[in-house]
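Step one of this worksheet: look at the structure below.
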Protein chains: 2
Amino acid sequence: MPDVFIHNQRFYNPVDYVLQLIGGTWKVPVLWRLRKRSLRYTELEKDIPHISQKMLTKALKELEADGLVSKTTFAEVPPRVIYALTEKGVYLIPLVETIRNYGIELLKESGVDYDKLIREEQKTGK
Amino acid sequence: MPDVFIHNQRFYNPVDYVLQLIGGTWKVPVLWRLRKRSLRYTELEKDIPHISQKMLTKALKELEADGLVSKTTFAEVPPRVIYALTEKGVYLIPLVETIRNYGIELLKESGVDYDKLIREEQKTGK
DNA sequence: CAGTATCCAATATGATACTG
DNA sequence: CAGTATCATATTGGATACTG
C-alpha cells in the first residue's frame, strides 16, 4: 500500500483517504441530515444532538472544502445560509448507509436493538 | 439518532460505532494484512509502512479487546506471538473492501491512479 | 522477539462569551 | 441568523530508550 499525496496531504491507503472525508464525530451526522433535503445552519444545529457551534462550523467548512457540501448565502437581513449535498456528497451517501447497516448489525450482536431505539425516540415526540 | 451505550462508552450513531472499531490510522492496515493469513508481531511491523511500535501495540490491543483479532502466544524462547482475524474480524473485511473501493474511485477522480501505484511498487521489488 | 516506558507536539472536542 | 474567538482538556501520534 503506497502513500498517496493530495493537496500536500499524505494518505497511507484509500481507506485512510475516505475516512479523512467522512470520518470524525460530526461529518456523518451532517451528511446524514442533508441526504433528504438542504438545511440551514440553525436547523442542523438543532437537529444534531450534542454538537457545538464550533464543531458544526468546522465540519461544514471541511465538508465544503472537500466538495461534499455546498453553501449558498442569501444576502438578506438576517442572512439565510443553505447547506446542501453536492454530487460528490450524494455519491458518498450509499457508503455511509453501508457502514451504518454494519453498525446496526454489530449493535444487534451486542444486544442493542437500534431500530427499536429509533421507534421509541419517535414515540416520545422527538 | 439516539445515543447508544456499550461498555460505558457512548456512540452518537451506528456509523460512529463502526468507526470506533476500524477507524483511526492503524487498525485498517493491520486488519488488511491479516485478511489472508495470520502474522507475527514483527511481520506486521515490517509490513506496515510508517507504523511505530507504540501504535502497532495499541492497535492490536484495541482490536483484540473489541474481538476483531485474536492473539496466540507460544511459550518458546524467544516467544512467538501470532495474530489472526476472529470471526467478527472476518465479517468486517468486506466493509473495509467497500470503503477501500470508494477510496480508489475518489482518488481516480482526483487524478490519482492507485492501482498503477500498486503495480509500480511491486515492480521496484517492494 | 515482542513488547514497555517516557516525553513531547499536534489535533479533536467542549464550554463559554461575543458579533455583523 | 450564522457564525468567531478564547480557554481548557483529552486523545492521537511520533521519537527514543529500555526489557523479559
Side-chain angles (χ1 to χ4, degrees), chain A residues 3 7-13 15-17 19-30 33-34 38-66 69-84, chain B residues 3 7-13 15-17 19-30 33-34 38-66 69-84:
Chain A
D3 300 354
H7 307 132
N8 278 335
Q9 235 213 311
R10 178 178 56 188
F11 305 101
Y12 290 148
N13 55 68
V15 176
D16 194 15
Y17 182 57
L19 294 187
Q20 297 287 329
L21 295 180
I22 66 167
T25 308
W26 300 115
K27 287 180 181 178
V28 161
V30 170
R33 277 157 185 84
L34 293 179
S38 315
L39 291 169
R40 304 175 64 155
Y41 181 91
T42 314
E43 293 179 301
L44 286 166
E45 192 184 0
K46 276 188 293 195
D47 222 47
I48 300 174
H50 312 294
I51 200 169
S52 63
Q53 289 191 325
K54 178 178 168 180
M55 285 301 113
L56 176 55
T57 300
K58 192 185 172 214
L60 288 170
K61 268 194 184 355
E62 291 179 9
L63 289 169
E64 197 193 351
D66 290 332
V69 161
S70 68
K71 171 181 176 176
T72 309
T73 306
F74 295 88
E76 309 166 357
V77 179
R80 184 160 52 101
V81 179
I82 300 294
Y83 291 95
Chain B
D3 299 354
H7 307 132
N8 279 334
Q9 235 214 310
R10 178 177 56 188
F11 304 101
Y12 290 147
N13 55 67
V15 175
D16 193 16
Y17 181 57
L19 295 188
Q20 296 288 328
L21 294 180
I22 66 168
T25 310
W26 301 114
K27 287 179 180 178
V28 161
V30 170
R33 275 156 187 86
L34 293 179
S38 316
L39 291 169
R40 304 177 62 158
Y41 181 90
T42 315
E43 292 178 302
L44 286 165
E45 192 184 0
K46 275 188 293 194
D47 223 46
I48 301 174
H50 312 295
I51 199 168
S52 64
Q53 288 191 325
K54 177 178 168 181
M55 286 300 114
L56 177 54
T57 299
K58 192 185 173 215
L60 288 170
K61 269 195 186 349
E62 292 178 9
L63 289 169
E64 198 193 349
D66 290 331
V69 161
S70 68
K71 171 180 176 176
T72 309
T73 306
F74 295 89
E76 308 166 358
V77 180
R80 185 160 52 100
V81 180
I82 300 294
Y83 290 96

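Sequence lines set the chain letters: A, B, ... in the order given, protein chains first and strands last, and positions in each chain run from 1.
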Set out, line by line, the N/O atom pairs under 3.5 Å between protein and nucleotides 5-12 of chain D.
from	atom 1	to	atom 2	distance (Å)
D:dT12	OP2	B:Lys58	NZ	3.2

Nearest-Å distance for atom pair [atom1]/[atom2], residues [X] and [N]:
{"X": "A:Leu39", "N": "D:dG3", "atom1": "CG", "atom2": "P", "answer": "13 Å"}
{"X": "A:Gln20", "N": "C:dA10", "atom1": "CD", "atom2": "P", "answer": "17 Å"}
{"X": "B:Ile48", "N": "D:dG14", "atom1": "CD1", "atom2": "P", "answer": "12 Å"}
{"X": "A:Ile51", "N": "C:dT16", "atom1": "CD1", "atom2": "P", "answer": "17 Å"}
{"X": "B:Glu64", "N": "C:dA2", "atom1": "CD", "atom2": "P", "answer": "14 Å"}
{"X": "B:Lys61", "N": "C:dA2", "atom1": "NZ", "atom2": "P", "answer": "14 Å"}
{"X": "A:Tyr41", "N": "C:dG20", "atom1": "OH", "atom2": "P", "answer": "17 Å"}
{"X": "A:Leu19", "N": "C:dT11", "atom1": "CG", "atom2": "P", "answer": "18 Å"}

B:His50 and A:Tyr12 aromatic ring geometry - parallel, tilted or perpendicular at 30°/60° bounds = parallel
How far does [atom1] of [X] sit from [atom2] of [Y], to the nearest 0.5 angstrom?
{"X": "A:Asp47", "Y": "A:Thr42", "atom1": "CG", "atom2": "OG1", "answer": "11.5 Å"}
{"X": "A:Ser70", "Y": "A:Leu63", "atom1": "OG", "atom2": "CG", "answer": "11.0 Å"}
{"X": "A:Tyr83", "Y": "A:Glu43", "atom1": "OH", "atom2": "CD", "answer": "12.5 Å"}

Taking only side-chain nitrogens and oxygens of [X], does any of them come within less than 4.0 Å of OP1 or OP2 of [N]?
{"X": "B:Thr42", "N": "C:dA2", "value": "yes"}
{"X": "B:Lys71", "N": "C:dG3", "value": "yes"}
{"X": "A:Arg40", "N": "D:dA2", "value": "yes"}

Between B:Met55 and B:Ile48, is any pair of side-chain heavy atoms under 4.5 Å apart?
-> no
Heavy atoms, side chains only, cut-off 4.5 Å: are A:Leu60 and A:Tyr41 in contact?
-> yes
Ranking D:dG3, D:dG14, C:dA2 by distance to the side chain of A:Thr57, first place goes to D:dG3
Choosing from C:dG3, C:dG14, D:dC1, which nucleotide comes nearest the side chain of A:Pro79?
-> D:dC1
Could you pick out which residue, A:Tyr12 or A:Glu43, lies toward the 5' side of DNA chain D when each is mapped onto its nearest nucleotide?
-> A:Glu43
Take the C1' atoms of the five end pairs on each side of the helix from C:dC1-D:dG20 to C:dG20-D:dC1, get both axes, and report the angle to 10 degrees.
-> 50°
Can you check whether B:Leu19's main-chain N or O pairs, donor with acceptor, with B:Lys27's side chain at less than 3.5 Å?
-> no
Check for a donor-acceptor pair, side chain of B:Lys71 on one end and backbone N or O of B:Lys61 on the other, with a separation under 3.5 Å.
-> no
With sequence neighbours left out, the residues meeting salt bridge (charged side-chain N to carboxylate O under 4.0 Å, His left out) with B:Arg40 are none
Describe the nucleic acid contact of A:Phe74 in one word from base, sugar-phosphate, nothing, applying a heavy-atom distance below 4.0 Å.
-> nothing
Work out which heavy atom in A:Leu39 is nearest to a heavy atom in A:Leu34; give both atom names and the distance.
-> N-CD2, 3.7 Å
